[in-house]
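In the text below, chain A, chain B and the rest are named by the order of the sequence lines, each starting its count at 1. This one's a predicted model, so the numbers in the text were calculated from it and none came from an experiment.
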Amino acid sequence: MMSMNSKQPHFAMHPTLPEHKYPSLHSSSEAIRRACLPTPPLQSNIFASLDETLLGLPAHMGCMSDVDADPRDLEAFAERFKQRRIKLGVTQADVGSALANLKIPGVGSLSQSTICRFESLTLSHNNMIALKPILQAWLEEAEGAQREKMNKPELFNGGEKKRKRTSIAAPEKRSLEAYFAVQPRPSSEKIAAIAEKLDLKKNVVRVWFCNQRQKQKSVGGCAINY
DNA sequence: ATGCATGAGTA
DNA sequence: ACTCATGCATA
């Protein structure tokens, strides 16, 4: 049910449009920089064209940045990356927004969260592989031109409702973990039952399980993914 | 740094 | 309904 997805995924295809939901500090800077992307795209993937090129080739290639998939290399790169990033005096958030200025087709900005997760290896193996060349490109670019300007957060506006984060209490969380230990993928009915027992919304429980599964798959976690 | 959530793509 | 990449909000 979830196998053949070992190809380079689609990481920069999220429009990121809270539109109706949480319309706060978005439209301005993000909309502009996204509008500037040469490839607006639906299925954009900087590796897409590459894949096509490789379709007729043997089981290997050897161009472009490394397509290595060794967790050790990723770990080493992540470490070096963080080190150099700090050396440059740049924050994770800065890196995220700076990626857009790189003008790589199909690559927009990323959040502080994602950069942080990349550095701490808390992303899936595939995600790490996909992001590595992009962050590497940024790093080289930034080091090459160690003297530019910073875009500052145009945090303005006031008045739109913000998303509120649900917080699952410790006791409930412990129960969920216990359930997860025996059954990581409970059926819809099971989820409903658990939700009722813990007095949580069914959707909250469902998402919790999804996130737990995703966590298990991170390179940083205790994964055996590859 | 991390918890809960969204949304596109998929099976 | 799930996976996967990603992000807002928050600790």
Side-chain angles (χ1 to χ4, degrees), chain A residues 1-27 29-31 33-34 40-48 78 82 85-86 91-93 95-97 99-100 106-135 153 155 157 160-170 172-174 176-177 180 183-192 195 198 200-221 223 225-226:
Chain A
M1 263 179 198
M2 46 144 269
S3 41
M4 39 88 275
N5 235 355
S6 308
K7 269 306 175 186
Q8 294 299 326
H10 37 235
F11 48 84
M13 36 77 109
H14 292 285
T16 306
L17 297 180
E19 295 188 296
H20 316 300
K21 289 293 202 170
Y22 329 101
S24 37
L25 53 170
H26 259 84
S27 325
S29 59
E30 287 205 5
R33 58 132 255 274
R34 283 184 188 287
L42 300 172
Q43 293 282 0
S44 72
N45 182 323
I46 50 174
F47 299 110
K82 182 172 186 175
R85 188 206 98 216
I86 293 175
T91 67
Q92 297 171 330
V95 174
S97 50
L99 294 181
V107 178
S109 65
L110 286 177
S111 66
Q112 171 264 324
S113 301
T114 299
I115 303 304
C116 173
R117 284 168 174 149
F118 179 84
E119 294 183 345
S120 60
L121 305 168
T122 44
L123 290 175
S124 70
H125 184 233
N126 277 357
N127 203 177
M128 289 292 289
I129 296 294
L131 259 31
K132 182 184 173 186
I134 296 169
L135 294 180
L155 297 186
N157 113 66
E160 293 302 351
K161 50 181 103 175
K162 298 185 179 183
R163 183 171 84 193
K164 194 56 184 177
R165 202 172 90 185
T166 303
S167 188
I168 300 175
E172 287 67 41
K173 207 167 299 191
R174 274 186 263 105
L176 288 171
E177 284 162 357
F180 189 81
Q183 179 52 272
R185 335 172 69 92
S187 66
S188 196
E189 290 69 48
K190 205 67 181 179
I191 289 178
L198 303 182
L200 291 172
K201 289 195 295 184
K202 184 181 176 183
N203 196 55
V204 169
V205 175
R206 184 183 64 73
V207 171
W208 186 86
F209 274 90
C210 282
N211 284 323
Q212 286 305 299
R213 279 178 233 128
Q214 190 160 31
K215 248 189 191 177
Q216 277 197 317
K217 294 183 177 179
S218 76
V219 171
N225 44 13
Y226 92 97

Taking atom C1' of dA1(B) as reference, at what distance in whole Å does atom CG of Leu121(A) sit? 14 Å
Lys82(A) near the nucleic acid: base, sugar-phosphate alone, or nothing, with a heavy-atom cut-off under 4.0 Å? sugar-phosphate
5' priority, DNA chain C, between Gln214(A) and Ser113(A) [closest heavy atom]: Gln214(A)
Within the 4.0 Å heavy-atom criterion, would you say Thr114(A) contacts the bases, only the backbone, or no part of the nucleic acid? sugar-phosphate
Over how many whole Å does the gap from Leu131(A) atom CG to dC4(C) atom P extend? 16 Å
Gln212(A) CD to dT3(C) P: how many Å, rounded? 13 Å
Selection from dT3(C), dA9(C), dC4(B) that lies nearest to any side-chain heavy atom of Asn211(A): dC4(B)
Between Ser124(A) and dA5(C), is there a side-chain N or O to OP1/OP2 distance below 4.0 Å? yes
Nearest to the side chain of Arg163(A), which nucleotide is it out of dC2(C), dT6(C), dT6(B)? dT6(B)
Which of dC4(B), dG7(C), dT6(C) is nearest the side chain of Thr166(A)? It is dC4(B)
Within less than 4.0 Å of OP1 or OP2 of dC4(C), is there a side-chain N or O belonging to Lys217(A)? yes
Rounded to whole Å, CE of Met128(A) lies from P of dC4(C) at a distance of 16 Å
Of the nucleotides dA5(B), dC2(C), dT2(B), which one has an atom closest to the side chain of Gln112(A)? dT2(B)
For a 4.5 angstrom cut-off between non-hydrogen side-chain atoms, does Leu123(A) reach Leu131(A)? yes
Kindly indicate whether the side chain of Glu119(A), heavy atoms from C-beta on, has any atom under 4.5 Å from the side chain of Gln92(A). yes
State which of dT3(C), dA5(B), dG7(C) makes the closest approach to the side chain of Arg213(A). dT3(C)
To the nearest angstrom, the CD1-C1' distance between Ile115(A) and dA5(C) comes to 13 Å
Are OP1 or OP2 of dT10(C) and a side-chain N or O of Lys164(A) less than 4.0 angstrom apart? yes
Going by heavy atoms in the side chains, are Arg206(A) and Asn203(A) under 4.5 Å from each other? yes
Do the side chains of Arg174(A) and Glu172(A) get nearer than 4.5 Å, heavy atoms only? no
Verdict with reasoning, Ser120(A) to Lys82(A), per side-chain hydrogen bond (donor to acceptor under 3.5 Å, both in side chains): CA-CA 9 Å; Ser120(A) 60; Lys82(A) 182 172 186 175; over 6 Å; no
So what does Arg117(A) hit on the nucleic acid, given a heavy-atom distance under 4.0 Å: a base, only sugar-phosphate, or nothing? base
Val204(A) has its side chain closest, among dT6(C), dA5(B), dA9(C), to dA5(B)
Which part of the nucleic acid, if any, lies within contact of Gln92(A), taking any heavy atom under 4.0 Å across all strands shown: a base, the sugar-phosphate backbone alone, or nothing? sugar-phosphate
Which one, dC4(B), dC2(C), dC8(C), comes nearest to the side chain of Lys173(A)? dC4(B)
Check every atom of dG7(C), dC4(B), dA1(B) against the side chain of Cys116(A) and return the nucleotide holding the closest atom. dA1(B)
What's the CG-P distance between Leu123(A) and dT6(C), to the nearest Å? 8 Å
Answer yes or no: is there a donor N or O on one side and an acceptor on the other, between the side chain of Ser97(A) and the main chain of Ala93(A), under 3.5 Å? yes
Side-chain contact, heavy-atom cut-off 4.5 Å: Thr114(A) with Asn127(A)? no
Would you mind telling me which of dT6(C), dT2(B), dA5(C) lies closest to the side-chain atoms of Arg165(A)? dT2(B)
Would you mind reading off the distance between Trp208(A) atom CH2 and dA1(C) atom P, rounded to a whole angstrom? 20 Å
Can you measure Ile168(A) atom CD1 to dA5(B) atom C1' for me and round it to whole angstrom units? 11 Å
Among dA5(C), dT2(B), dT6(C), the one nearest any side-chain atom of Leu110(A) is dT6(C)
When the nearest nucleotide of DNA chain C is assigned to Ser111(A) and to Arg206(A) on a heavy-atom basis, which residue is associated with the more 5' position? Arg206(A)
